[in-house]
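Report on the following structure.
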Amino acid sequence: MVVAQLQEQGFDAFVVGGAVRDLLLGARPKDFDVATNATPEQIKQCFRNARIIGRRFQIVHVRSAGEIIEVTTFRRGHDVSHTGQEARSDSSGRLLRDNVYGTLEEDARRRDLTINALYYDTQSNTLIDQLGGCADVDSRIIRIIGDPVERYTEDPVRMLRVLRFAARLQFELESETEAGISKTLALLEDIPSARLFDEWLKLFMNGCSAPTFKLLSSYQLLVRLMGGGVNDALNPEPAQNLQLLALSNTDQRVADQRPVTPAFLLAALYWPAAERRAATLLTDGESPIQAMHAAGQQIVHEACQHLAIPKRFSLAMRDIWDLQPRLERMQPKKIKDLLAHRWFRAAFDLRLLREETGSLGGDCSAFWTTQQKQHPELVGINRGRQDEGAKRRPKPRRRNRNP
Ligand code: ATP
Ligand code: MG
């Protein structure tokens, strides 16, 4: 529809990117992106329901049949063109600006992967494949366009994208695409933590988090992304077992279309670090509850040096951790309060993971299973907090679902 309309006005227009790749693979595309030689202003004039958005590079959102189609003007990468315009990079080669318009050929070259640089003309039913994307889809290969080291240097997040697609599509990395990663992985540290968190969500909330985690880990990108807190150097195996179980549970929930929250997964991934820190603090004479609380604060602070975890998630992570020693005590007087805690279910799930993968006995989870059966109406009903934590979050919060 959008493609047809642009073509009627005399422009070139194609469906591009992930949608074409997914169609070739026989999967249902999440969304459709359109690329055209019309400028954002010209695109806007073609549609009634169009809005120009974005400052760094303008894109146009066109509403069509209840969906939003993202329409972008062909752009080119950072090389100097015949018009003398250029997209600039800084002295280290990182791309600062890439909103210079170009031809379809240039637009294809500035994309990340060959499999993402396919253009489909829905009107004539033709596919434009200038960089061998079709062959790579057929042989299930992830290949960076151009020189991998150069492309990763321009934008280090491309390394994460490479592994994300490899895990999600179960494709192999082409050898130079793979070899480049070890040469540029340190550059990920210069990426703003807010962008890394956005990318983290795409990596871990898409239903393939377990294979993605393994790939990131084997290419040494996991620690660059999430910080040292995600690795337990002293006792890696039990930590990894717990993390992988949390990841595969999350993937299963996504597959079943049940709700998932980043807070639970983050709490599980950083749990081994939080637990170890709490143990250190405990030997300094704090009570288990105080030690856990202080450890949670420290681990979240350290994680946020890498990933800008939004407050609503980091507060929930700390609540889930704070509940661990409290659940363990099984104090009759506290049962109702704990059951009603908004993060009770998530904390209980973490306790289950700890029992399944560690050396803890199963009494505590059995106890809380019984309590939940006896008071199902109480579970998670407290949206706010009555205790000292309330000071930490003065604003009323939106309703959130437990994982
Ligand atoms: P998904 O199905 O996950 O949405 P996608 O391929 O559509 O996959 P997007 O992140 O939506 O991925 O990006 C759309 C297109 O923009 C990609 O197909 C790719 O061609 C291009 N692109 C996105 N990010 C980059 C990047 N960092 N460098 C180069 N090209 C990129
Ligand atoms: Mg997309």
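Just so you know, ligand 1 is whichever comes first in the structure, and atom 1 is the first atom listed for that ligand.
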Does V157 reach ligand 1, in the sense of a heavy atom lying below 4.0 Å from it? no
Strictly distance-based, threshold 3.5 Å: is any side-chain N or O of D256 a donor or acceptor partner for the main-chain N or O of R258? no
What are the atoms of ligand 1, with element, lying closer than 4.0 Å to any heavy atom of R110? 29 (C), 30 (N)
Which of the numbered atoms in ligand 1 are under 4.0 angstrom from any heavy atom belonging to D155? 26 (C), 27 (N)
Could you tell me whether E199 and R195 make a salt bridge, using a distance below 4.0 angstrom between a side-chain N and a carboxylate O? no
For E154, is the nearest heavy atom under 4.0 Å from an atom of ligand 1? no
Is the ring pair Y119/F14 parallel, tilted or perpendicular, if the boundaries are 30 and 60 degrees? perpendicular
Within a distance under 4.0 Å of any heavy atom of R164, pick out the atoms of ligand 1 and give their elements. 3 (O)
Side chain to side chain, F367 and L327, heavy atoms closer than 4.5 Å: no
Minimum side-chain heavy-atom gap Q298-L281 below 4.5 Å: yes
Numbered atoms of ligand 1 (with element) below 4.0 Å of R158, judged on heavy atoms: 26 (C), 27 (N), 28 (N), 29 (C)
Looking only at distances, please establish whether an N/O atom of ligand 1 is found under 3.5 Å from an N/O atom of R111. yes
Measure the distance from atom 11 (O) of ligand 1 to every protein heavy atom, then report the residue, atom name and distance (to 0.1 Å) of the closest one. D33 OD2, 4.4 Å
Of the choices K202, R195, R168, which has the non-hydrogen atom that lies closest to atom 3 (O) of ligand 1? R168
Look only at the side chain of N231 and the backbone of P236, and say whether a donor-acceptor pair between them is shorter than 3.5 Å. no
I want to check something: taking the side chain as every heavy atom from C-beta on, are I142 and L163 in contact at a cut-off of under 4.5 Å? no
Minimum-distance protein heavy atom relative to atom 19 (C) of ligand 1: D112 OD1, 3.3 Å
Can you report which non-hydrogen protein atom sits closest to atom 8 (O) of ligand 1, along with the distance? R21 NH2, 3.4 Å
To check you understand the geometry: which heavy-atom pair defines the closest contact between R277 and E302, and what is its length? NH1-OE2, 2.8 Å
Per-atom contacts, ligand 1 versus K30 - under 4.0 Å to a heavy atom: 1 (P), 2 (O), 3 (O), 4 (O)
Could you tell me which atoms of ligand 1, counted from 1 in the order shown, lie closer than 4.0 angstrom to a heavy atom of R161? 9 (P), 10 (O), 12 (O), 13 (O), 17 (C), 19 (C), 22 (N), 23 (C), 24 (N), 25 (C), 27 (N)
Under a 4.0 Å threshold between the charged nitrogen and the carboxylate oxygen, would R75 count as salt-bridged to D107? no
